[in-house]
Amino acid sequence: YLGRSRADLLGVRFSSLASPAFTGMIDLLAQVVDTGVPLIEDAWETPTLQGGPGRCIDLRGVKLHDGVSLIWRDVTEAVRARRALEESEERYRLLSLNATEMVALW
């Protein structure tokens, strides 16, 4: 998910991953701890640490004592497939709206 090897991440604190995406996640988790309101984020997009295209994940978090229990599910392929379908539907919708002739094959 991060675009780094396991060896590069061993012993590294999550908060030290200075990507804006992970800063945003830390802010979301801090809100869960502060308010006690569970975290529900669908198709949350996170780039790799190198800034390339990342993954889409569903996040769920709940306050657990003075921390957060967090689970996620990778939904990247489903999100990409849905976007491709939406783009295809839009192209064909525009094609049909702008067609000036009908062609019939016999």
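The model shown is predicted, which means the values in this text are computed figures rather than measured ones.
Salt-bridge annotation for Glu86 and Arg83: absent, with no side-chain N of the basic residue lying under 4.0 Å from a carboxylate O of the acidic one.
With rounding to the nearest 0.5 angstrom, the CG atom of Asp34 is 10.5 Å from the CG atom of Asp27. The line from CG of Leu85 to CD of Glu89 is 4.0 Å long, rounded to the nearest 0.5 Å. With rounding to the nearest 0.5 Å, the separation of CE in Met25 from CH2 in Trp72 is 6.5 Å.
Val37 and Val32 get closest at one heavy-atom pair: O-CG2, 3.6 Å. Val79 approaches Cys56 most closely through the heavy-atom pair CG1-SG, 3.8 Å. In terms of heavy-atom proximity, Val62 sits nearest to Pro38 at CG1-CB, 4.1 Å. Listed here is the closest heavy atom pair of Gln31 and Thr35: O-OG1, 2.6 Å.
Note on Ile57: it clusters hydrophobically with Val68, by side-chain heavy-atom contacts below 4.5 Å among ILVMFWY residues. Criterion: ILVMFWY side-chain heavy atoms under 4.5 Å apart, direct or through other members. Under it, Val33 and Leu28 are part of a common hydrophobic cluster.
Here Leu10 sits alone; no ILVMFWY side chain lies under 4.5 Å from its own, so it joins no hydrophobic cluster.
Counting only residues at least two apart or in different chains, side-chain hydrogen bond (donor to acceptor under 3.5 Å, both in side chains) contacts with residues 56-68 comprise Asp42-Arg60, Asp58-Arg73.
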